[in-house]
Amino acid sequence: MKATNTPPTHVVLFVLFMVYISWGTVYLGNKLSLEVAGPFVVCGVRNILAGMLMLACARLSRGSWRRISPRDWGMHSLLAVLLVVASGGLLVLGQTMVTSVATAVIMSSTPIFMLIGAFLFAGEKPPNLPQCIGMITGACGVIFLSWHEQSSGSASIWGVISLLGAVLGWVSGSLIMKKVPVTRELSMLQSTGLILFLGGVESFLLGLLLGEASTFHPENINAANAAAFAWMVVGGSFIAYWSYLWLLAHVAVSLAVSYEYVVPVIGIFLGWALAGETVTTSTIAACCVTIGSVFLVVRHRHSFRAYVRHYFVRRASSAAKGRGQA
C-alpha cells in the first residue's frame, strides 16, 4: 500500500474534504446509535457492513481483486484490532460516558500523539520548538476539558481514558500502515475492506463476550438513528476509512491527520444543534487551545498552504508561461 507516484493536488484536497465531512458527523451518529445497541456491537455491525460493501466493490472492479495470502490475513487482522476494535470500539464506549462535544475535542489531540509516535517509531524528523509548544498546550487543553467535564458531572474519567485509548489505537495502526508495507498484492480498496470486515467481526464478538446482547433494543429504532447508522456505514466507515488510508499511502502523516482542524468543530456544532448538548465557554476555550496546538504541530510540514500555493499559484503561473510561449 505504498504510493509510487505523487497524486494531483486537487485529488488530495477532495479526499481530505471527504474525510472532514465523514468523520465530522460520526460523533453524533454514534450517540444516536447507542440508543439501540452497545458500543462494540454498534462498531462491529457498522464495520462489517462497510467492509462487505467495500470488498464487493473491489470484487466487481476490474483488476482490484487478488488472492488473500496467509500473511495478508495476519497483517490485516492486527490492523483491524488497532484501527477498528481499539479505535472505533473504544471511541463508541467512551461516548457512553462523555458527551459528543467533549469527545470531539479530546479526539482532536490525535495529531499530537501521531507526531510523537512518528518521531519515535517511524523515523520522521524530531519535533521543533513550535511543535513542542503545540504538544504541551494541546495536552493542557485536553486535561483542562477532562477536569471540567468530570467536575461538572458531564463525563467520567473512565470515558476519557477510553477515548485516549481510541487515540492510541488509531495512532499505532496508522504508523504501522505508514512504516510497514502491509501487502504487495492487494489493492487499496480490497485491503481497506478487509480491515473493516475483520475489525467489525472482532468488535462484534467482543461485544457479545462483554454481554452487549442484552443492550439491544430494537424498539428504540426510529428514523433518526436508522439514518445516522446508515450514514455511519457509508460515510463514517466506507468513505472515511478508505480516504484516510489512501492519504496515509500518498502524503505525509501530518497532512493525513490534518482533518483534526475541522472535525472537532463539526462535531461540536452538530452536538449542540441536533443533540441538544451544552457548549460552555470552557468547552470552546479547550477546543480553541487544542486546535491551535494541532496547528502548531503540523504547520511546519505539509500544510494546506503548501498545497493551495502549489495548485493555484504554481500551476497558474505555469499555464500563463505556456500561453506566452504559444
Participant: What distance separates Ile68 CD1 from Leu194 CG, expressed to the nearest 0.5 Å?
Facilitator: 4.5 Å
Participant: Just by distance, do the side chain of Thr110 and the backbone of Met107 share a donor-acceptor pair under 3.5 Å?
Facilitator: yes
Participant: Is atom CZ of Phe269 surrounded by more than 12 heavy atoms (other residues, nucleotides or ligands) closer than 6.0 Å?
Facilitator: no
Participant: Is there a side-chain contact between Phe229 and Ile221 in this structure, where contact means two heavy atoms from C-beta onward sitting under 4.5 Å apart?
Facilitator: no
Participant: Output, in order, the C-alpha distance, side-chain angles, deciding distance and verdict of side chain to side chain donor-acceptor pair (under 3.5 Å) for Thr25 and Trp231.
Facilitator: CA-CA 9 Å; Thr25 56; Trp231 167 247; 2.6 Å; yes
Participant: Could you go through residues 41-50 and list every donor-acceptor pair under 3.5 Å that involves a side-chain atom there, pairing it with any protein atom two or more places apart or in another chain?
Facilitator:
from: Arg46; atom 1: NE; to: Ser237; atom 2: OG; distance (Å): 2.7
from: Arg46; atom 1: NH2; to: Gly236; atom 2: O; distance (Å): 3.0
from: Asn47; atom 1: OD1; to: Ser237; atom 2: OG; distance (Å): 2.9
from: Asn47; atom 1: ND2; to: Cys43; atom 2: O; distance (Å): 2.8

Participant: Would you say that Val11 contacts Phe14 through its side chain, given a criterion of any heavy-atom pair below 4.5 Å between the two side chains?
Facilitator: no
Participant: Flag yes if Leu210 and Trp158 sit in one hydrophobic cluster, no otherwise; membership is Ile, Leu, Val, Met, Phe, Trp, Tyr, and two members link when side-chain heavy atoms are under 4.5 Å apart.
Facilitator: yes
Participant: Is the shortest side-chain heavy-atom distance between Met54 and Cys57 below 4.5 Å?
Facilitator: no
Participant: Any chance you could measure Phe113, atom CZ, to Ser172, atom OG, to the nearest 0.5 Å?
Facilitator: 11.0 Å
Participant: Show your reasoning for whether side-chain contact (heavy atoms from CB on, under 4.5 Å) applies to Leu90 and Leu163.
Facilitator: CA-CA 6 Å; Leu90 291 177; Leu163 293 176; over 6 Å; no
Participant: Please find the pair of heavy atoms, one from Ala86 and one from Gly169, that lie closest to each other, and give the distance.
Facilitator: CB-CA, 4.1 Å
Participant: Please report the C-alpha distance between Leu189 and Trp246 in whole Å, then the side-chain angles of each, then the deciding distance to 0.1 Å, and finally whether the side-chain contact (heavy atoms from CB on, under 4.5 Å) criterion is met.
Facilitator: CA-CA 9 Å; Leu189 193 63; Trp246 183 92; over 6 Å; no
Participant: Are Leu247 and Ile21 connected in the hydrophobic side-chain network, where two residues link if heavy atoms are under 4.5 Å apart?
Facilitator: yes
Participant: Test Ser174 against Leu83 for side-chain contact (heavy atoms from CB on, under 4.5 Å), laying out the working first.
Facilitator: CA-CA 8 Å; Ser174 299; Leu83 294 173; 4.2 Å; yes
Participant: What side-chain donor-acceptor pairs closer than 3.5 Å can you find for residues 33-40, not counting sequence neighbours?
Facilitator:
from: Ser33; atom 1: OG; to: Gly29; atom 2: O; distance (Å): 2.9
from: Glu35; atom 1: OE1; to: Asn225; atom 2: ND2; distance (Å): 3.2

Participant: If only atom types and distance count, is the side chain of Gln95 paired as donor or acceptor with the main-chain N or O of Thr103 below 3.5 Å?
Facilitator: no
Participant: How long is the straight-line distance from OG of Ser203 back to CG of Leu208, given to the nearest 0.5 Å?
Facilitator: 9.5 Å
Participant: Side chains of Val84 and Glu202, heavy atoms from C-beta outward: is any pair under 4.5 Å?
Facilitator: no
Participant: Trp65: what forms a side chain to side chain contact (heavy atoms under 4.5 Å, CB included) with it, not counting sequence neighbours?
Facilitator: Leu55, Ala58, Arg59, Gln190
Participant: What's the separation between atom CD1 in Ile106 and atom OG1 in Thr99, rounded to the nearest 0.5 Å?
Facilitator: 8.0 Å
Participant: Are Ile112 and Leu120 grouped together when hydrophobic residues (ILVMFWY) are joined by side-chain heavy atoms under 4.5 angstrom apart?
Facilitator: yes
Participant: Is there a donor-acceptor contact under 3.5 Å from the side chain of Ser293 to the main chain of Val289?
Facilitator: yes
Participant: Let me check something: do Ile239 and Leu91 share a hydrophobic cluster, defined by ILVMFWY side-chain heavy atoms less than 4.5 Å apart, either directly or through other members?
Facilitator: yes
Participant: State, with a plain yes or no, whether a side-chain heavy atom of Leu186 is found less than 4.5 Å away from one of His76.
Facilitator: yes
Participant: Which atom names give the shortest non-hydrogen contact between Val19 and Ala240, and what distance separates them?
Facilitator: CG2-O, 4.3 Å
Participant: If you compare all heavy atoms of Gly235 against all heavy atoms of Ser22, which two are closest, and at what distance to 0.1 Å?
Facilitator: O-CB, 3.2 Å
Participant: When you group the ILVMFWY residues by side-chain heavy-atom contacts below 4.5 Å and let the links chain together, are Val81 and Val171 in the same group?
Facilitator: no
Participant: For Thr96 and Val92, run side-chain contact (heavy atoms from CB on, under 4.5 Å): C-alpha distance rounded to whole Å, both residues' side-chain angles, the deciding distance at 0.1 Å, then the answer.
Facilitator: CA-CA 7 Å; Thr96 63; Val92 187; 5.5 Å; no
Participant: To the closest 0.5 Å, what do you measure between CH2 (Trp170) and CE (Met114)?
Facilitator: 8.0 Å
Participant: Measuring from atom OG1 of Thr281 to atom CD1 of Ile284, what distance do you get when rounded to the nearest 0.5 angstrom?
Facilitator: 7.0 Å
